[in-house]
Engineer: 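First the structure, then my questions, so here it is.
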Number of protein chains: 2
Amino acid sequence: MARHKSGDKPKDIRKATIEEVAHIGSTAISVNKIAARAGLSVGTIYRYHRSKDDLLFAVFLDVKRDIHSTMMEAAAEHRIAASRLRAMWFALVDYGFRLPKDFQFVELMNSETRIQFSGNEKLRQIQAEVLAEIQQGVDDGTLVDVNVRTIETVLASPAITLARRVALGRQGIESDEVERIFSLVWRGIALSERPPPKE
Amino acid sequence: MARHKSGDKPKDIRKATIEEVAHIGSTAISVNKIAARAGLSVGTIYRYHRSKDDLLFAVFLDVKRDIHSTMMEAAAEHRIAASRLRAMWFALVDYGFRLPKDFQFVELMNSETRIQFSGNEKLRQIQAEVLAEIQQGVDDGTLVDVNVRTIETVLASPAITLARRVALGRQGIESDEVERIFSLVWRGIALSERPPPKE
DNA sequence: GTAATTAATGAGCAGTTACTCATTGTCAAT
DNA sequence: ATTGACAATGAGTAACTGCTCATTAATTAC
């Protein structure tokens, strides 16, 4: 009853948007260029997104959800809180290593004023799920008994820094270094003196 | 012999650039709007900066140096490595609290591809000075004996996250919370079990 | 005074922007 | 075949972009 959608347009648009930002930066992106990069006409972009801002936010949210689900899938393979948190941490860093441009895009948009973070329900939910995982660690006596937001800051920040560093391609990072950083962070938030979980 | 510069134009330009980015975001800034906000004509901006990119980078570097010198001044009031590092850490967070827009601008530009970080000598020097401070802590047995870059990542990341959170105005942060985060971070990188330095 | 020098201007340039819409292409149901 | 429904197009548009440069304003040296 309708012209078939040839190919996966939303996917093409997402890819082109991320690549365009990675290529010329957020201070010079344009919808026309994104369309050209995606091999589509401008009109098609406006069929999927109401405005430039809408496009950027949609792609941002999409990648954000990608990262989150990757983390949760990694957590699902473990039972005890310590192992789950460790798996999530490494999944986050690994995402930055595997898809640096995607990660960089999210980071850039995270600092954008236009994107109204707190208002969005989906973002709230993602945040809540992460905090719930940390709460588990507090409850079972693995982590120090302080506000989960506090722990989240200490835990997540270095992972983001690490992934961002790779995304910007400034230097290669060995897996030893990643492991060492996790050790130090875990040392800070774990209750006991035991070394951080390995498996 | 020449017409006097009336007022401090570079300062006006810097201020307007930061405010414009804070107001409409990096994805929509324009030189014309920055000029209008500064109460100057476009030509004047191009008298001080060769291009839009040059303008953004210059302001970025300026703020970056501001932040760094604030940190080093804070450190100068102390002798022992632990106290110096603590002072620097709080100075960084405090900068984000006092001048959120400036801090946010730096963070945004930090994630920009266009800004070639590694190439700049000034940025290199700033980085080197910070690492040297940490090295002091390693040398006198205050911090664990690992690569200074590793420690820097664990130490600086949460401070940046904290300052950024304030910059984006998502939530107010009490000084207790800041203190608690520092405690956890310090716990991770300090060699002994002693609590982090207070004075 | 006036000549020399430079700061600052802002209209104007060619090119680009975000966005629209009349048109065309492609399918399933008739 | 014809129709109806919609995906996709891309030339078109007014506004705006980064940037230039002829001109004016302000100052000092002589």
Side-chain angles (χ1 to χ4, degrees), chain A residues 1-62 105 108-109 112-116, chain B residues 1-62 105 108-109 112-116:
Chain A
M1 229 210 289
R3 176 177 185 174
H4 270 179
K5 296 186 190 180
S6 51
D8 190 345
K9 256 78 182 183
K11 193 181 158 193
D12 293 346
I13 293 171
R14 169 186 154 152
K15 192 180 170 219
T17 304
I18 291 167
E19 282 181 356
E20 189 62 20
V21 170
H23 189 240
I24 57 156
S26 68
T27 61
I29 15 162
S30 81
V31 181
N32 289 21
K33 283 185 203 145
I34 290 169
R37 188 179 281 270
L40 299 170
S41 62
V42 242
T44 305
I45 296 223
Y46 280 90
R47 166 162 284 278
Y48 289 91
H49 302 282
R50 289 225 285 305
S51 67
K52 182 187 178 183
D53 275 6
D54 184 75
L55 161 67
L56 294 175
F57 186 68
V59 175
F60 164 75
L61 203 62
D62 207 51
F105 181 83
L108 252 168
M109 290 307 153
E112 266 288 333
T113 346
R114 313 205 118 198
I115 285 170
Q116 67 288 34
Chain B
M1 226 207 296
R3 174 180 185 176
H4 268 180
K5 295 186 192 181
S6 52
D8 190 346
K9 256 77 184 184
K11 192 180 158 193
D12 292 347
I13 293 171
R14 168 186 155 152
K15 193 180 168 219
T17 304
I18 290 167
E19 281 181 355
E20 189 62 20
V21 170
H23 189 240
I24 56 154
S26 68
T27 62
I29 14 161
S30 81
V31 179
N32 288 23
K33 283 185 205 145
I34 291 169
R37 188 179 282 270
L40 299 170
S41 61
V42 239
T44 306
I45 297 226
Y46 281 91
R47 168 163 284 279
Y48 290 91
H49 301 282
R50 289 224 286 303
S51 66
K52 182 189 179 184
D53 275 6
D54 184 76
L55 161 67
L56 294 175
F57 186 68
V59 175
F60 164 76
L61 203 63
D62 208 51
F105 181 84
L108 250 168
M109 290 305 154
E112 267 288 333
T113 345
R114 313 204 117 199
I115 285 171
Q116 67 289 34

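Everything quoted here is computed from the prediction, not taken from an experiment. Proteins get letters first, then strands, A, B, ... in listed order; numbering begins at 1 in each.
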Engineer: Does D:dA7 have its OP1 or OP2 closer than 4.0 Å to a side-chain nitrogen or oxygen of A:R47?
Structural biologist: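 Answer yes for this pair, as a side-chain N or O of A:R47 is under 4.0 Å from OP1 or OP2.
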Engineer: Using whole Å, report how far CD1 of B:I24 lies from C1' of D:dC16.
Structural biologist: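 Rounding to the nearest Å, CD1 of B:I24 and C1' of D:dC16 are 12 Å apart.
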Engineer: Using only atom types and a distance under 3.5 Å, with no angle test, would you say the side chain of A:K52 pairs donor to acceptor with the backbone of B:A28?
Structural biologist: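 The answer is no, because no donor-acceptor pair under 3.5 Å joins these two groups.
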Engineer: Please test A:V59 against A:V21 for side chain to side chain contact (heavy atoms under 4.5 Å, CB included), starting from the C-alpha separation and ending with a verdict.
Structural biologist: CA-CA 11 Å; A:V59 175; A:V21 170; over 6 Å; no
Engineer: Can you name the nearest heavy-atom pair linking B:I24 to A:E112, along with the distance?
Structural biologist: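 In terms of heavy atoms, the two residues are closest at O-OE1, 4.4 Å.
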Engineer: If you only use heavy atoms from C-beta on, which nucleotide in C:dA18, D:dG18, D:dT9 is closest to the side chain of A:K52?
Structural biologist: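 Output: C:dA18.
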Engineer: Among D:dA8, D:dT17, C:dA18, find the nucleotide with the atom closest to the side chain of B:N32.
Structural biologist: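 Per side-chain heavy atoms of B:N32, the pick is D:dT17.
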Engineer: Does a nitrogen or oxygen in the side chain of B:S30 sit under 4.0 Å from OP1 or OP2 of D:dG18?
Structural biologist: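 Affirmative; the distance criterion is met.
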Engineer: What nucleotide among D:dT17, C:dC19, D:dC19 has an atom nearest to a side-chain atom of B:K33?
Structural biologist: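 Selected nucleotide: D:dT17.
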Engineer: Roughly how many Å is it from CG in B:L55 to C1' in D:dT17, rounded to a whole number?
Structural biologist: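 The distance from CG of B:L55 to C1' of D:dT17 comes to 14 Å, rounded to the nearest Å.
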Engineer: Roughly how far apart are B:R14 CZ and B:L61 CG, rounded to 0.5 Å?
Structural biologist: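 Between atom CZ of B:R14 and atom CG of B:L61 there are 11.0 Å.
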Engineer: Mind checking A:I29 for me? I need base, sugar-phosphate or nothing, with any heavy atom below 4.0 Å counting as a touch.
Structural biologist: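 Touches sugar-phosphate only.
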Engineer: So, is B:S41 near the phosphate of C:dT9, with a side-chain N or O under 4.0 Å from OP1 or OP2?
Structural biologist: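 Yes, such a contact exists.
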Engineer: Rounded off to whole Å, could you give me the CG-to-P distance for the B:L40 and C:dG10 pair?
Structural biologist: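 In whole Å, C:dG10 P lies 10 Å from B:L40 CG.
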Engineer: Tell me the interatomic distance from A:I13, atom CD1, to C:dC19, atom P, rounded to whole angstroms.
Structural biologist: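 The answer, rounded to whole Å, is 14 Å.
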Engineer: Counting only side-chain N and O atoms of A:K9, is one of them less than 4.0 Å from OP1 or OP2 of D:dA7?
Structural biologist: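 Result: no.
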Engineer: Write down the distance between NE2 (A:H49) and C1' (D:dA7), rounded to a whole number of angstrom.
Structural biologist: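 In whole Å, D:dA7 C1' and A:H49 NE2 are 15 Å from each other.
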Engineer: Mind calculating the distance between OH (A:Y46) and P (C:dC19) to the nearest angstrom?
Structural biologist: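 Computing the A:Y46:OH to C:dC19:P distance gives 4 Å.
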Engineer: May I ask you to evaluate whether A:Y48 reaches the phosphate of D:dA8, defined as a side-chain N or O under 4.0 Å from OP1 or OP2?
Structural biologist: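 So the side chain of A:Y48 is within the cut-off, an N or O lying under 4.0 Å from OP1 or OP2 of D:dA8.
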Engineer: Could you check how far CG of B:D53 sits from P of D:dT17, rounded to whole Å?
Structural biologist: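 In whole Å, D:dT17 P and B:D53 CG are 16 Å from each other.
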Engineer: Under 3.5 Å, sequence neighbours excluded: what are the donor-acceptor pairs made by side chains of residues 32-40 of chain A?
Structural biologist:
| from | atom 1 | to | atom 2 | distance (Å) |
| --- | --- | --- | --- | --- |
| A:R37 | NE | A:E20 | OE1 | 2.6 |
| A:R37 | NH2 | A:E20 | OE1 | 3.2 |
| A:R37 | NH2 | A:H23 | ND1 | 3.2 |

Engineer: Taking any heavy-atom pair under 4.0 Å as a contact, classify A:V42: base, sugar-phosphate, or nothing.
Structural biologist: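 Touches a base.
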Engineer: Report the distance from atom CD1 of B:I34 to atom P of C:dG10, rounded to the nearest whole Å.
Structural biologist: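 About 18 Å, once rounded to whole Å.
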